[in-house]
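As C-alpha cells, the structure follows; a few thoughts come after it.
The shown structure was predicted, so the numbers you read here are calculated from the model rather than taken from an experiment. Every heavy atom of this structure was used, including side-chain atoms; hydrogens, water molecules and symmetry mates were not.
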Amino acid sequence: MLAIKNLNKSYNQRKVLQDLNLYIEAGEIYGLLGANGAGKTTTINIICNLLKADSGDITINHQPISDATKKLIGIAPQENLLYKTLTCAENLKFFADIYGLDRKTRQQQLQITLAAVNLLDRAKSPVETLSGGMQRRLNIAVALVHQPKLVILDEPTTGLDIESRYEIWELIRQLKNQGITILLTTHLLDEAERLCNKIGILKNGQILAEGSLAQLRNLIPAAEILVVQTTEEEQAIARAQEYGFTLKRYGNELGFWLPEPLELKEILARFEGIKIDAIARQPVRLEHIYLEVTQKN
Ligand code: ATP
C-alpha cells in the first residue's frame with residue numbers, strides 16, 4: 001500500500017531523515033513511534049506531498065507520490081484542522097468541496113462520516129461548542145470524508161481523557177475493519193500496543209526496529225521483567241547477577257530481565273537474606289522494547 005525507500009531530507013544541512021525505509025501493507029494499522037524531533041511529521045508531510053524529500057522513492061498503491069495521490073490519503077493532523085465557528089456539517093462540507101466531491105456524494109459522505117465518528121446528532125453544532133474528544137473525532141471525520149485508502153492519524157488521542165480515548169480506539173478499529181490502511185503516530189505506547197499490528201521505532205530519521213509486537217518482543221531476551229524495591233540495592237543487584245538476571249534501570253526503578261520463567265517462590269528464594277520491600281513482575285512490554293532499542297542506538 002505504502003512503500004518508502006531510502007528517503008532523505010535535510011533542513012539547513014542537518015539530516016532529519018536518513019535512508020528511511022518503511023512499508024505498510026493494505027489493511028494494516030502501522031504505529032510509527034519516536035521521540036519529539038525523530039522525524040515523524042517530516043515523513044508524514046512528504047507522504048502527503050506537502051514537503052519534497054531530497055532523495056528517495058515513495059509509492060502509494062504503486063503510484064509515485066504526486067498531487068494525484070493526495071486523494072488516496074486522509075490526514076488528521078496533530079493540531080485539529082477545524083473552523084471553530086462553523087458547524088460539524090459545514091466543516092465537512094468545506095473539506096469535501098476541496099476534494100471536489102459532487103453534491104450527491106458530498107451529502108452521502110457527510111452523513112456516513114458523521115455517523116462513523118458518532119457525531120450525527122451534533123451535525124448542526126458549532127465546533128467551539130463541542131468537547132475536546134468530539135473535536136478530535138471531527139478532525140478524524142475530515143480525514144475520512146473523501147473516502148481515502150490510507151488514513152494518517154498524528155497523535156490522535158494526545159490530551160484526551162480515557163473515555164474519549166476508548167471512543168477513538170474503537171473508531172480506529174472500525175476503520176481497519178472497513179479495510180482502510182492506517183498510519184498512526186503516538187507517544188502512548190499502550191495505545192500502539194492495543195491498536196497496531198505493526199510498529200516502527202524511529203530515531204534520528206531512521207527506523208531502528210520494525211515488526212509486530214510479538215516480533216519486537218524477541219529483541220528482549222527476557223521471559224519476564226522484575227521491578228524490585230529494596231533498601232539493600234547493591235546486595236540485590238549482586239545476587240540477581242549471580243543468577244544471570246540482567247540489570248536494567250527504568251527511570252529510578254530497579255529492574256531485572258529474567259532469562260527464564262520462574263515461580264514466585266523461586267524468585268523470592270533468589271533474594272533470600274536481602275531486605276526486599278516489594279517485587280513486581282511484568283511481562284515484556286512495548287515500553288521496555290522502545291527504551292532498549294532507542295537507548296542502544
Ligand atoms: P514531534 O513528536 O515533536 O511531532 P517529529 O518526530 O514529528 O516530532 P519532526 O517535526 O519531523 O519530528 O522534526 C524532525 C526534526 O526536523 C526536528 O529536529 C525539527 O526541529 C526539524 N525541523 C522540522 N521542520 C523544520 C523546518 N521547517 N526547518 C528546520 N528544521 C525543521
Side-chain angles (χ1 to χ4, degrees), residues 30-41 78 154-166 168-169 184-196 198-264 266-297:
Y30 187 106
L32 185 61
L33 311 181
N36 295 126
K40 303 179 296 292
T41 306
Q78 235 172 75
D154 200 356
E155 297 189 28
T157 69
T158 298
L160 297 187
D161 62 43
I162 189 67
E163 302 226 322
S164 305
R165 263 187 204 156
Y166 280 131
I168 290 189
W169 290 338
L184 173 110
T185 77
T186 182
H187 292 293
L188 305 167
L189 300 181
D190 71 313
E191 176 166 286
E193 260 177 353
R194 280 163 197 265
L195 294 175
C196 301
K198 197 166 164 195
I199 290 162
I201 300 177
L202 185 72
K203 187 176 176 187
N204 298 333
Q206 283 181 314
I207 296 283
L208 300 179
E210 189 182 61
S212 66
L213 192 56
Q215 287 167 332
L216 292 178
R217 275 210 184 103
N218 290 333
L219 298 174
I220 292 198
E224 199 173 44
I225 291 175
L226 289 188
V227 175
V228 177
Q229 278 178 32
T230 172
T231 45
E232 297 179 353
E233 207 176 276
E234 257 178 50
Q235 293 93 317
I237 293 172
R239 183 73 66 77
Q241 288 178 334
E242 259 176 51
Y243 286 104
F245 298 1
T246 310
L247 169 66
K248 289 283 158 183
R249 298 267 178 198
Y250 294 110
N252 56 8
E253 289 183 337
L254 174 65
F256 297 105
W257 288 359
L258 240 61
E260 57 189 357
L262 290 176
E263 298 286 332
L264 181 60
E266 295 173 304
I267 295 172
L268 294 174
R270 303 291 192 269
F271 290 105
E272 210 184 323
I274 299 169
K275 194 174 172 305
I276 301 291
D277 297 321
I279 288 189
R281 304 169 67 178
Q282 298 177 1
V284 176
R285 302 205 45 187
L286 187 54
E287 174 188 324
H288 305 119
I289 301 163
Y290 179 88
L291 287 171
E292 194 58 24
V293 168
T294 53
Q295 289 175 356
K296 201 156 81 185
N297 292 273

[X] vs [Y] side-chain heavy atoms within contact, under 4.5 Å:
X: I279; Y: V227; answer: no
X: L247; Y: L254; answer: yes
X: I199; Y: S212; answer: no
X: D161; Y: Y166; answer: no
X: E266; Y: L268; answer: no
X: L208; Y: L202; answer: no
X: L188; Y: E155; answer: no
X: W257; Y: H288; answer: no

(request) Any chance you could measure H187, atom NE2, to T157, atom OG1, to the nearest 0.5 Å? (result)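 H187 NE2 to T157 OG1: 11.0 Å, rounded to 0.5 Å.
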(request) Measure from the side-chain N and O atoms of T294 to the backbone N and O of Y290, and report whether any donor-acceptor pair falls under 3.5 Å. (result)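 Answer holds: yes.
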(message) Quick check against the 3.5 Å criterion: does K40 have a side-chain atom that pairs as donor or acceptor with the backbone of T185?
(response)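 A pair under 3.5 Å: no.
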(message) Under the criterion salt bridge (Lys or Arg N to Asp or Glu O under 4.0 Å), I'd like the reasoning laid out for K248 against E292: C-alpha separation, chi angles, the key distance, then a yes or no.
(response) CA-CA 9 Å; K248 289 283 158 183; E292 194 58 24; 3.2 Å; yes
(request) Check step by step if side chain to side chain donor-acceptor pair (under 3.5 Å) holds for Q78 and T158. (result) CA-CA 8 Å; Q78 235 172 75; T158 298; over 6 Å; no
(request) Determine, stepwise, if the pair D190 / R194 fulfils salt bridge (Lys or Arg N to Asp or Glu O under 4.0 Å). (result) CA-CA 6 Å; D190 71 313; R194 280 163 197 265; 3.7 Å; yes
(message) Test side chain to side chain donor-acceptor pair (under 3.5 Å) on Y30 and E210; report intermediate values, then the result.
(response) CA-CA 10 Å; Y30 187 106; E210 189 182 61; 2.6 Å; yes
(request) For I225 and L258, run side chain to side chain contact (heavy atoms under 4.5 Å, CB included): C-alpha distance rounded to whole Å, both residues' side-chain angles, the deciding distance at 0.1 Å, then the answer. (result) CA-CA 6 Å; I225 291 175; L258 240 61; over 6 Å; no
(request) Return each pair, listed once, that meets salt bridge (charged side-chain N to carboxylate O under 4.0 Å, His left out) where at least one residue sits in residues 211-236; pairs must be two or more places apart or across chains. (result)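 Output for this query lists E224-R281, E233-R249.
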(request) Please test I207 against L32 for side chain to side chain contact (heavy atoms under 4.5 Å, CB included), starting from the C-alpha separation and ending with a verdict. (result) CA-CA 9 Å; I207 296 283; L32 185 61; 3.8 Å; yes
